[in-house]
**Q** 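Take a look at the following structure, please.
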Amino acid sequence: MVVIFEYVNANERGKREMLDIRVIREDIKKVKRAMLNRNQNVNLDRLLNLDRERKILVSEIEQLRFKRNKWSEEVCKLKRENKSVSVDFVADINAIKDKIQKQNKRLLATENQIEYFLARIPNIPDESVPIGKDARDNKVVKFVGDLRKFSFKPKYHWEIGEKLDILDFNAASKISGSRFAVLKNEGCDLERAIISFFLDTHKKKGYKEIMTPYLVNRASMRGTGQLPNLEEDLFKCANDDLFLIPTAEVPVTNIHRDCVFEESFLPQKYVSYSACFRREAGSYGRDTKGLIRNHQFDKVELVKFVKPETSDEELESLVFDAGNVLELLKLPYRLVLLCTGDIGFSSSKTYDLEIWLAGDGTYREISSCSNFKDFQAKRMNIKYLKDKKREFVYTLNGSGVAVGRTFAAILENYQQEDGSISIPEVLRKYTEFDAINPKK
RNA sequence: GGAGAAGUGGCCGAGUUGGUUUAAGGCGUCAGUCUCGAAAACUGAUAUAUGGAAACCCGUAUCGAGGGUUCAAAUCCCUCCUUCUCCGCCA
């Protein structure tokens, strides 16, 4: 690894700024427009006032400290020359000390408020992102693959899975609750086959496989932008201030938190399989059946660290790599460019890949590929050396792709009239069977 | 879980009776001299962030993190984090 060193600078760590406040200072109109397009209500004028207040306080405190340091040197000299220090002199220094302390308290309060604001300001959408209110304003870019014509009425994947005895939702709800799945028999083989197929395919394209913990600390969640806004959607450990990861994006991207790379290290591409955990708060009653919106699901994630000037192409190739596995599986999908009102908090531009579910008759998100630009890098303090200067890297990630939903799509798109499932060609070397047949 | 040790610049490593240390020294890196070129040798430079300044430069902060004591903290006190060693438990 060409990481040249890790930061140990307390100052930077403490004053890490989210969306760089300079952007807001210098181009307030742009930021205001961006927030409007995102339907976000942030009081940016208040933030700017706080920023001005902070600047004044800092310079005041620095001047006071300068004075104190000088006087302190005086004391040192006098002592060395064995001269006594006058009581008045000490009193004067103490007065300065009090002043510093007082202003410091004000500064701390101001900085806390600024940090509170900044941590909650989402990324600025890219120019190419369509302006829109919600998912209905997303743009379908293209359809890939042909929808199969059925000679019978296709079933839902949970019906097929339970009948084949490869899915068991009753067992899952008994041991854990709703929104969980138990895989059985060939279902387990299929799940592992999908995972292996995804990993192998992406590794051939230069992604490095990495396996990371499923529990991460608060700093990691802040780094990729899950915190502070999305805490409600995370599973949290009661005694340890640790969170279950909602995606491998979190641990994988945070691997390089507080790092500076040589330029030659970029682009750096990772592929990681992990289980993912989401509370799905606020989605009660939606997609309660099957594998679509579970609290725990498997996913293969792609993460990239790149130079800023290449990030547009890197997003396109990320989308291509994600779509590629679906095409190899011969699963039809459509590519959607999310509008300003629908992109995630940290993202600047996002494409969703939506898989066709024949039984359900709908397209469902199976991958979300985003360019975060320097938004996450600023939160995580990830830089690279460009002409000996430190610049923030750009980060991107996307599912490559969600395993559970792929499982569901295979069941619904590859189902046969007799209730069996034919296994997609590319998976057969992993499953070592061609079909899953009903038990007798 | 119990007991102990440690955390200093890109790396190694001094400094812990508080104040000429603006963090010694070495390695590495960069530039120069030398050379056809390189190595070696020699000379010099070499942390980060931030504020002011066109620039020279000046200020502030940072020795794992956060507090405290003091005129003054790498150094003393408290809390936390991480790593290592031993014991216990455990797949």
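So that the names make sense, note that chain A is the first sequence line, chain B the second, and so on, each numbered from 1. Just so it is clear, the values below take in all heavy atoms, side chains as well, and ignore hydrogens, waters and symmetry mates.
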**Q** Quick one: is B:rA61 close enough that its OP1 or OP2 comes under 4.0 Å of any side-chain N or O from A:Asn69?
**A** yes
**Q** Please give, in whole Å, the distance from B:rU70 C1' to A:Gln101 CD?
**A** 12 Å
**Q** Is any side-chain nitrogen or oxygen of A:Lys77 closer than 4.0 Å to OP1 or OP2 of B:rG19?
**A** no
**Q** Hey, which of these two, A:Cys76 or A:Trp71, hits RNA chain B nearer its 5' end, going by closest nucleotide?
**A** A:Cys76
**Q** May I ask you to evaluate whether A:Arg218 reaches the phosphate of B:rC81, defined as a side-chain N or O under 4.0 Å from OP1 or OP2?
**A** no
**Q** How many whole angstroms separate atom CD of A:Glu74 from atom P of B:rU20?
**A** 15 Å
**Q** To the nearest Å, give me how far apart NZ (A:Lys99) and P (B:rC71) are.
**A** 18 Å
**Q** Let's test this: given Watson-Crick or G-U wobble pairing with both distances under 3.5 Å, identify the partner of B:rC63.
**A** none
**Q** Does A:Phe375 have its ring centroid less than 6.0 Å away from the ring centroid of A:Phe345?
**A** yes
**Q** Can you work out whether A:Gln63 or A:Glu73 has the more 5'-proximal nearest nucleotide on RNA chain B?
**A** A:Glu73
**Q** To the nearest angstrom, how far is A:Ile100 atom CD1 from B:rC71 atom P?
**A** 13 Å
**Q** For B:rG51, does OP1 or OP2 lie under 4.0 Å from any side-chain N or O of A:Arg22?
**A** no
**Q** Whole-Å distance between B:rU50 P and A:Glu62 CD?
**A** 12 Å
**Q** May I ask which nucleotide in the shown strands pairs with B:rC90, Watson-Crick or G-U wobble, both distances under 3.5 Å?
**A** none
**Q** Show me the pairs that pass ring pair (Phe, Tyr, Trp, His ring centres under 6.0 Å) and involve residues 25-83 of chain A, at least two apart or across chains.
**A** A:Trp71-A:Phe89
**Q** Please step through salt bridge (charged side-chain N to carboxylate O under 4.0 Å, His left out) for the pair A:Lys386 and A:Glu391, ending with a clear verdict.
**A** CA-CA 6 Å; A:Lys386 186 187 184 174; A:Glu391 302 282 346; over 6 Å; no
**Q** Watson-Crick or G-U wobble partner for B:rC84, using a 3.5 Å limit on both distances?
**A** B:rG4
